[in-house]
Amino acid sequence: MAPVTGTAHDTAATAPSGEGGAAPARRSGTRDLAAAERRRERRSRWYRRDVRWSPYAFVAPFFLFFAAFGLFPLLYTGWASLHRVELTAPTDMEWVGLRNFARLLEDEFFWNALKNTFTIGVISTVPQLLIALGIAHLLNYKLRGSMFFRVAALTPYATSVAAATLVFVLMFGRDYGMINWALGLAGIGPVDWQNGAWTSQIAVSTIVVWRWTGYNALIYLAAMQAVPNDLYESAALDGASRWQQFVHVTIPSLRPTILFTCVVSTIGATQLFGEPLLFNGGGGATGGADHQFQTLGLYLYEQGWVNLHLGRASAIAWTMFLILLLIGAVNWLLVRRLRKSA
């Protein structure tokens with residue numbers, strides 16, 4: 001009986017020891033699983049936050065800069081347009097309501113600047129877009145060195161406004177300009193480009209045409225390359241010539257793009273400032289001796305920074321803004337009609 005008792009005693013002595021070793025292992029495994037689950041939960045929570053808020057973080061810098069340098073100046077200019085305020089004392093404001101806008105309606109120089117802006121815009125926009133359309137049509141074919149011509153077309157756009165205008169001022173010089181020299185070879189007398197009404201506007205428009213034609217040509221080229229080749233093949237099978245394909249296939253396919261370039265060019269013409277300012281030489285913002293090529297941008301600058309009337313300049317700025325809103329509304333109506341017709 002003694003051996004049996006010893007065996008039982010040994011079994012009873014070792015059993016608790018085995019159970020005590022397994023329990024800590026189970027508790028440690030449970031803790032590891034719980035920690036891993038918490039880590040996964042944290043990663044999942046951070047992932048959900050990242051997916052939800054990252055887009056707002058990416059676009060936030062744009063809205064911050066727009067609010068600081070776009071929205072605030074716009075609202076402050078609108079507030080200043082309702083006051084009499086001078087550049088020498090910008091914090092001293094006297095409420096005048098809509099008097100600054102009423103004075104604009106009675107100001108002959110404002111109407112002259114508006115008329116000049118319209119005529120220069122037409123003279124520069126129409127030839128510019130027509131030439132750009134022709135250049136894009138030529139570049140659309142597989143020409144040798146087409147990449148070189150595309151870069152060359154964009155070079156005027158990358159040129160400084162000041163540098164380009166100063167070169168054109170020399171070219172349109174009355175006594176020693178290259179344009180008058182070429183006209184002299186054709187038997188035409190010298191033209192006083194700067195002091196004439198129409199001649200000065202044509203000269204300023206030439207600068208605008210030179211700078212922006214290549215830019216619009218590349219926009220048209222991108223739109224042309226998106227036109228399906230099946231349309232041209234079908235037109236060729238019907239016996240259409242290249243000109244007929246251009247008129248009946250290319251132009252209708254480019255209507256939205258043409259409308260876009262017309263609107264953008266009109267907005268640019270409304271804000272025209274650098275070219276007429278530098279073309280006037282040392283004459284300042286008058287736009288010539290008789291204000292013959294003074295645009296709305298020059299008139300705004302003259303009122304605000306030459307005559308020091310910030311209230312009137314703010315009213316002119318908001319008038320230009322309202323004109324641009326009108327242009328945008330017309331564009332929206334035309335796009336809507338085009339979509340319905342399509």
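Remember, it's a predicted structure, so these values are computed and weren't measured experimentally. Positions are given from 1 along the sequence.
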Euclidean distance, [Y] [atom2] relative to [X] [atom1], rounded to 0.5 Å:
X      : Y      : atom1 : atom2 : value
Thr125 : Phe118 : OG1   : CZ    : 10.0 Å
Gln294 : Leu277 : CD    : CG    : 10.5 Å
Thr77  : Phe72  : OG1   : CZ    : 9.0 Å
Ile207 : Phe172 : CD1   : CZ    : 7.0 Å
Ser234 : Asn229 : OG    : CG    : 10.5 Å
Phe110 : Thr319 : CZ    : OG1   : 5.0 Å

So, do Trp318 and Phe101 have ring centers that fall under 6.0 Å from each other? no
Test your reading of the model: is there a side-chain donor-acceptor pair from [X] to the backbone of [Y], 3.5 Å cut-off?
X      : Y      : answer
Asn112 : His291 : yes
Gln244 : Ser241 : yes
Gln128 : Ser124 : yes
Gln292 : Trp198 : no
Asp238 : Ala240 : no
Thr159 : Thr155 : yes
His83  : Met93  : no
Asn116 : Thr295 : no
Thr165 : Ala162 : no

Is there side-chain contact between [X] and [Y], with at least one heavy-atom pair below 4.5 Å?
X      : Y      : result
His137 : Leu221 : no
Asp192 : Asn195 : yes
Trp193 : Arg174 : no
Asn216 : Leu129 : yes
Arg84  : Arg99  : yes
Leu104 : Tyr299 : yes
Ile327 : Thr270 : yes
Gln194 : Phe279 : yes

Applying ring-ring contact (aromatic ring centres under 6.0 Å, His included), run through Tyr76 and Trp79 and close with a yes or a no. CA-CA 5 Å; Tyr76 184 80; Trp79 178 250; 8.8 Å; no
Run the side chain to side chain donor-acceptor pair (under 3.5 Å) test on Thr257 and Tyr220 for me, step by step, so that the C-alpha distance in whole Å, both residues' side-chain angles and the decisive distance to 0.1 Å come before the verdict. CA-CA 7 Å; Thr257 307; Tyr220 288 149; over 6 Å; no
Non-hydrogen atoms of [X] and [Y] that approach each other most closely:
X      : Y      : value
Asn100 : Ala80  : ND2-O, 4.3 Å
Thr117 : Leu296 : OG1-N, 3.0 Å
Ala57  : Pro61  : O-CD, 3.3 Å
Pro156 : Ala153 : CD-O, 3.4 Å
Gln245 : Ala235 : CG-CB, 3.9 Å
Pro73  : Ala67  : CD-O, 4.5 Å

Verify side chain to side chain contact (heavy atoms under 4.5 Å, CB included) between Leu272 and Leu298, making sure each step is shown before the conclusion. CA-CA 8 Å; Leu272 193 62; Leu298 284 183; over 6 Å; no
Determine, using the 4.5 Å side-chain heavy-atom cutoff (strictly less than), whether [X] and [Y] are members of one ILVMFWY cluster.
X      : Y      : result
Leu98  : Ile316 : yes
Leu139 : Met147 : no
Leu87  : Leu300 : yes
Val263 : Leu254 : no
Leu326 : Leu322 : no

Kindly check if the number of other-residue, nucleotide or ligand heavy atoms within 6.0 Å of CH2 (Trp243) is above 12? no
Verify the neighbour count for atom CZ of Arg150: are there more than 12 heavy atoms of other residues, nucleotides or ligands below 6.0 Å? yes
Evaluate Thr213 against Ile135 for side chain to side chain contact (heavy atoms under 4.5 Å, CB included), listing each step before the verdict. CA-CA 9 Å; Thr213 298; Ile135 294 175; 4.0 Å; yes
List the steps, then state whether side chain to side chain contact (heavy atoms under 4.5 Å, CB included) holds for Leu310 with Glu86. CA-CA 5 Å; Leu310 286 185; Glu86 302 296 324; over 6 Å; no
Qualifying residue for side chain to side chain contact (heavy atoms under 4.5 Å, CB included) with Phe293, from Val204, Ile202, Thr119: Val204
Would you check, one step at a time, whether the test side chain to side chain contact (heavy atoms under 4.5 Å, CB included) holds for Phe246 with Leu133? CA-CA 10 Å; Phe246 178 73; Leu133 196 60; 3.9 Å; yes
